Amino acid sequence: MKKHLLNITSNIEIARNIFEMKLTGPGVGSMTTPGQFLHVSVGNQSSKLLRRPLSICDVDQERKEVTLLYRAQGEGTKQLSHKSAEEVVDVLGPLGNGFELAENDHNRKALLIGGGIGVPPLYYLGKHLKKKGIEVTFILGYQSIEDSFYIEKFKDFGETIVTTVDGSLGIKGFVTDAMKNVVEDEPVIYSVGPAIMLKAVEERAIGLRGYLSLEERMGCGIGACFACVCPTETRESGYVKICSDGPVFKMGEVVL
Amino acid sequence: MKKHLLNITSNIEIARNIFEMKLTGPGVGSMTTPGQFLHVSVGNQSSKLLRRPLSICDVDQERKEVTLLYRAQGEGTKQLSHKSAEEVVDVLGPLGNGFELAENDHNRKALLIGGGIGVPPLYYLGKHLKKKGIEVTFILGYQSIEDSFYIEKFKDFGETIVTTVDGSLGIKGFVTDAMKNVVEDEPVIYSVGPAIMLKAVEERAIGLRGYLSLEERMGCGIGACFACVCPTETRESGYVKICSDGPVFKMGEVVL
Amino acid sequence: MSRLHVSLPGLNMKNPILPASGCFGFGKEYAKWYDLSVLGGITIKAATLEGRFGNPTPRVAETESGMLNAIGLQNPGVMKILENEIPALEPFNIPILANIAGSTEEEYIEVTRQISSSPQVSAVELNISCPNVKEGGIQFGTHYESAADLTRKVKAVSEKPVYVKLSPNVSNIVEMAQAVEEAGADGLSMINTLVGMKLDWRTGNPILANKTGGLSGPAIKPVAIRMIYEVSQKVSLPIIGMGGVSTAEDVLEMMSAGASAVAVGTANFVNPYVCPEIIEQLPKLLDEIGVENISEMTGRSTKQWKTPLSSR
Amino acid sequence: MSRLHVSLPGLNMKNPILPASGCFGFGKEYAKWYDLSVLGGITIKAATLEGRFGNPTPRVAETESGMLNAIGLQNPGVMKILENEIPALEPFNIPILANIAGSTEEEYIEVTRQISSSPQVSAVELNISCPNVKEGGIQFGTHYESAADLTRKVKAVSEKPVYVKLSPNVSNIVEMAQAVEEAGADGLSMINTLVGMKLDWRTGNPILANKTGGLSGPAIKPVAIRMIYEVSQKVSLPIIGMGGVSTAEDVLEMMSAGASAVAVGTANFVNPYVCPEIIEQLPKLLDEIGVENISEMTGRSTKQWKTPLSSR
Ligand SMILES: Cc1cc2nc3c(=O)[nH]c(=O)nc-3n(C[C@H](O)[C@H](O)[C@H](O)COP(=O)(O)OP(=O)(O)OC[C@H]3O[C@@H](n4cnc5c(N)ncnc54)[C@H](O)[C@@H]3O)c2cc1C
Ligand SMILES: Cc1cc2nc3c(=O)[nH]c(=O)nc-3n(C[C@H](O)[C@H](O)[C@H](O)COP(=O)(O)OP(=O)(O)OC[C@H]3O[C@@H](n4cnc5c(N)ncnc54)[C@H](O)[C@@H]3O)c2cc1C
Ligand SMILES: Cc1cc2nc3c(=O)[nH]c(=O)nc-3n(C[C@H](O)[C@H](O)[C@H](O)COP(=O)(O)O)c2cc1C
Ligand SMILES: Cc1cc2nc3c(=O)[nH]c(=O)nc-3n(C[C@H](O)[C@H](O)[C@H](O)COP(=O)(O)O)c2cc1C
Ligand code: FES
Ligand code: FES
């Protein structure tokens, strides 16, 4: 595992408080698996000590460029949003285990469900699945039209259904309101978002195979501090660490 | 009194670890008195809370530009040295009482003695004194030739004698080693540097009129926290505050 | 009445913000920066019976997100404060909280007697927690019975409500708070500084001439929040909260923990305008979370549960 | 022998740097980042008798120049640690300091008995100062007699030297240190975390599910330095110093205050390579100040005066 100093190539606001940061450097070479994350330092010499976990949203291996999408909400991500091109960002990663790419499922469908800032990793995942010839459908949930992003780009990889809480774009409601006929369709589910959303997705997808990516506040990001545990009934230890055993888990594996 | 946001126009290393920072903004208009200082914030959102007192080294009122010279030695000044043109610096000031400009002494001589990072304010002072027609001599003390700066510029205003501790430039020794015949010459003394140097200067200049600029670690910089006091025998309170009663005091006024 | 209004014993404040003792002199220095009448109140620097020169310099050192000070209670003595300093605050017409220190019970009592009789003084703050002078009251600050005893005696002579300023350098802040509550205190101020130290790694020498000093600033805010949270559930006295507050968000956090008013110390050195800026910001934050009156914020963190929570 | 070599009871260290307990798991995670054999030693995560799941999440929160944690002593229990974790460290051939926690005297004693009998364990560290679990030993950590009592009983069964890890949340750290010295401790570890708390200003809710947590990181370094400075003058036990150390300069500062070795905690999260980077940097700093052996640094701040200095 490695610490990398990456150079910002761009860092722009693409929706309300949502930033797209592109970073380049030799370290990008190892970032090949969708669902992994980078543990990002938000400032040098700063009073913000802890790194921020941010999912890999896309990687361009030719240009050695990785894309992160993040919401500038707290102090740390706001600090990150003030960085400009040429500045250096210190990241650990890629960390964690990404999505299993369903090697044997090439004639099956995949349903990728993301809420809010859970949307970014689905982009890189969709790219990979499409390359494997899998039929991909996205359900992307946002607060409102102002918070939505990347919708046109997702359409490159498959049908893209949008929900907004206020109805300003797509279906009014939550991602689960767009999950019609899922069980009959028998897609493999891939979902990223807040625990409450993942729980709802899991309930709607009973009997299906699927993967969920979890979020938790982290210390080390590498499995050493036990900050990010989640109970599980399937492992002997009784818990998993989201940073190192996850963030992606099989549906049903963790107790949400 | 005011807080100003000034824009850096340049910030360059002019000698070993010595930086010249030029700042511009409407706030510069009030910076008219040599010997005053700015209380400079070294970083935003940072873990370095306290401001750094830095003397006004020069002011160009036409361009609304103030010059600071500082040694990047501790964490804060190092942080300052990494700032680049266009960045903004938050300063309080001008603070403190500057040098009395010896209005009635126009036919007398002035001897300006500075050690190390005490040299900068003498530049602006020398400029003012020369403009008043006073004959100015400088004694500038440095550690060694690599640490010396601004010597050619000082020569514009008067004779400039240099001492270095290691003898690599000018007279080998301390500033006091260059203070020959001072008492007979009867100049007005203006001196800035560490307390130990000021004490030595004072001893060599017994009977002369003069002004000393003191240094001390500061909290508020404006007279409210009592961090920067110095004992005095001439005032009823028994002490002075360097930030607000000084940093310039009459020779003999404070107990060094 | 304004939505920022708060009312504590002796302190009728148009907003909950006041500068902390020792960080604002006697007010006149900051009066050159802004009109002090915008403040909810002002805490003035510690008064002792006779004038004190304080500790040798250096008296301050910087630490990560904090600072150490060892001023040593320098002040001109209670008489001069009453003659020269307090009258100068009259034009601003804001409550004055007078901080009191001493080496002996007798000194505390006499200073209280004198200063509390000034019609301009609204309340007194008993500083039993200055870590920076051998006889700065810290012996009272870490010993529950002495603290209670002193509180009782000071209360007996004070013409104004008495706030006891607690030291965080204790094993059990709740017991301390309960002891002074029982002794008749009208309110609590918390927290004073944590005892800390910084050495020059090159020489091994302490930066402060006094060697140790009091740690203040954002670094200590989590300790302050925790102590206010714990104490506010076990005593019924109003609390003036302090320790690392530098933004309006910090003020609401501290009030949520249990403070009724909030003092700002070290942050004044970072930004002399911090108090008026916070006061201006507060209504915007209240709007953001849909709260009408700031006084509703006090103790939100514990009010949300039906039974008081002990934190461990 | 290397100029970085230091020797403490049970701990023969090629340099004074070891990770702090709880901040480095059982080593294997960081072994993926670098070769642990460069370390002076390793402190492993607290062991209890049975496995514990710990507290609910969120378990960490960020504060200014620090962090709060309330992990709650999650660990697989002493038996599994002896079976799975400790043997995995064998290849690195470095001293292992085993951190021990419990709810009762009996638990501490039994864990010590078991873990100290492992030939791989060099010394044990008695964690009587975990602020994050109701029964995490904090009752021993703030009560001098209980601490001394526990130390005595643990010493009686331990096959290895015993370091007692002190809580900073006490009125008088010196008395605590003296009590455990008298009870037979072989060394001290100090400091554990300060109890702190953070609330979400919008909701008033604590960030941590456990509400309060332990404050660590650079914010607390001044408190650690002060306590080590005070204690080292009054006890003759070697001290493993910790609290906010993140640079080689910090290590020399802490040794100057009185530490014989230095543990690095939170800084590992900021930079996983921090320990090896510090170790590489140390000889350069020693050169800069003209010191040959790092062991000469211990207690410089007080050695320079002929008579021991008390700091207040
Ligand atoms: C595996 C993983 C992948 C993620 N991917 C993305 C992504 O691609 N884009 C994105 O915008 N966000 C992502 N998040 C959430 C993101 O980490 C948080 O929004 C961010 O850390 C908040 O930092 P802040 O400075 O805005 O907030 P602050 O409140 O200043 O943060 C304080 C501390 O709390 C932690 N924290 C606060 N909120 C969260 C949260 N929701 N989840 C985890 N830690 C939190 C911070 O990391 C920091 O340690 C991801 C989280 C995880 C666990
Ligand atoms: C009135 C006045 C004018 C000054 N003018 C200049 C100048 O023009 N150029 C220049 O290079 N230096 C000047 N100094 C000294 C300058 O303030 C310090 O060198 C600087 O503050 C050190 O900061 P740092 O970040 O390098 O050190 P750090 O060690 O990181 O500083 C930590 C804290 O200690 C204080 N401190 C450390 N050393 C000193 C010192 N020697 N004097 C005062 N405070 C100190 C800092 O301000 C800060 O609060 C002046 C000092 C005073 C009092
Ligand atoms: C320079 C300085 C001087 C102080 N002097 C006093 C004092 O005289 N009396 C007192 O009760 N507290 C004094 N304090 C403590 C503050 O009032 C306050 O309790 C503490 O600094 C924590 O708040 P802060 O983090 O906002 O600074 C002083 C603090 C500082 C930094
Ligand atoms: C996440 C975390 C877990 C910790 N777990 C333990 C523990 O199990 N046992 C213990 O004695 N100390 C534990 N500590 C305290 C550290 O060992 C150390 O004493 C403290 O964090 C101060 O050092 P630091 O500022 O370098 O982190 C823990 C600290 C952190 C941050
Ligand atoms: S964040 Fe440390 S174990 Fe997951
Ligand atoms: S620095 Fe505060 S009084 Fe001078």
Side-chain angles (χ1 to χ4, degrees), chain A residues 1-5 39-53 73-77 79 90-96 194-195 214-233 235-246 254-256, chain D residues 19-34 44-46 51-77 80 84 200 207-209 213 216-219 244 246 265-274 277:
Chain A
M1 286 199 239
K2 282 271 156 52
K3 183 154 100 65
H4 307 285
L5 297 177
H39 214 24
V40 180
S41 166
V42 294
N44 299 339
Q45 298 276 1
S46 114
S47 60
K48 305 275 160 252
L49 288 183
L50 295 179
R51 291 169 179 270
R52 269 59 177 169
Q73 53 183 20
E75 287 300 326
T77 47
Q79 220 163 298
D90 176 334
V91 309
L92 308 182
L95 299 180
L214 272 61
E215 277 189 15
E216 189 49 81
R217 291 190 182 232
M218 293 187 177
C220 65
I222 68 168
C225 75
F226 291 78
C228 66
V229 297
C230 182
T232 168
E233 278 155 14
R235 301 198 189 185
E236 194 211 355
S237 60
Y239 64 88
V240 291
K241 296 178 206 159
I242 291 172
C243 66
S244 53
D245 298 323
V254 290
V255 184
L256 288 170
Chain D
S21 181
C23 302
F24 210 74
F26 295 98
K28 62 173 177 285
E29 289 80 13
Y30 284 93
K32 294 182 191 151
W33 292 77
Y34 61 88
I44 56 178
K45 204 172 157 39
R52 291 201 193 181
F53 180 73
N55 292 322
T57 56
R59 292 178 171 187
V60 291
E62 192 180 55
T63 68
E64 296 293 300
S65 293
M67 64 176 281
L68 294 166
N69 88 79
I71 307 296
L73 296 179
Q74 176 158 21
N75 81 96
K80 290 209 177 126
N84 308 326
D200 180 339
I207 304 282
L208 298 176
S216 63
S246 45
T266 303
N268 291 291
F269 307 157
V270 182
N271 173 11
Y273 300 115
V274 67
E277 283 177 11

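Letters A, B, ... mirror the listed sequences (proteins, then strands); counts begin at 1. Computed from a predicted model, the values in this text were never measured in an experiment.
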Note to self: Return the SG to NE2 distance between C220(A) and H39(A), rounded to the nearest 0.5 Å.
What the structure shows: 7.0 Å
So which part of [X] gets closer than 4.5 Å to some heavy atom of chain A, the side chain, the backbone, both or neither?
X: P76(D); result: neither
X: K28(D); result: neither
X: T266(D); result: side chain
X: Y34(D); result: neither

Next item on the list: Considering only heavy atoms and a distance below 4.5 Å, find which of N271(D), V270(D), N268(D) pairs most often with chain A.
Entry: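 Looking at each of N271(D), V270(D), N268(D) in turn, V270(D) comes out on top.
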Margin query: Looking at chain D, which one of C228(A), A224(A), P231(A) has the largest number of heavy-atom pairs inside 4.5 Å, strictly under?
Written below: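 Of C228(A), A224(A), P231(A), A224(A) has the most heavy-atom pairs under 4.5 Å with chain D.
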Check: Within 45 degrees of the axis of the six-membered ring of F53(D) and under 6.0 Å from its centre: does R59(D) put its NZ or CZ there?
Finding: yes
Check: Cation over ring, K45(D) on F226(A), under 6.0 Å and within 45°?
Finding: yes
Item checked: Per-residue contact mode, E236(A) against chain D (heavy atom under 4.5 angstrom) -> side chain
Notebook entry, point to check: Under a 4.5 Å heavy-atom cut-off, does chain D meet the side chain of R51(A), its backbone, both or neither?
Noted result: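 Looking at R51(A), just its side chain touches chain D.
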Check: Is there a side-chain contact (heavy atoms from CB on, under 4.5 Å) between K32(D) and I222(A) once you walk through the steps?
Finding: CA-CA 10 Å; K32(D) 294 182 191 151; I222(A) 68 168; over 6 Å; no
Note to self: According to ring-ring contact (aromatic ring centres under 6.0 Å, His included), who are the partners of F24(D), at least two apart in sequence or on a separate chain?
What the structure shows: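 Y30(D).
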Margin query: Could you report the tightest heavy-atom contact between I44(D) and F26(D), atom names first, then the distance?
Written below: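 Heavy atoms of I44(D) and F26(D) come nearest at CB-CD2, 3.8 Å.
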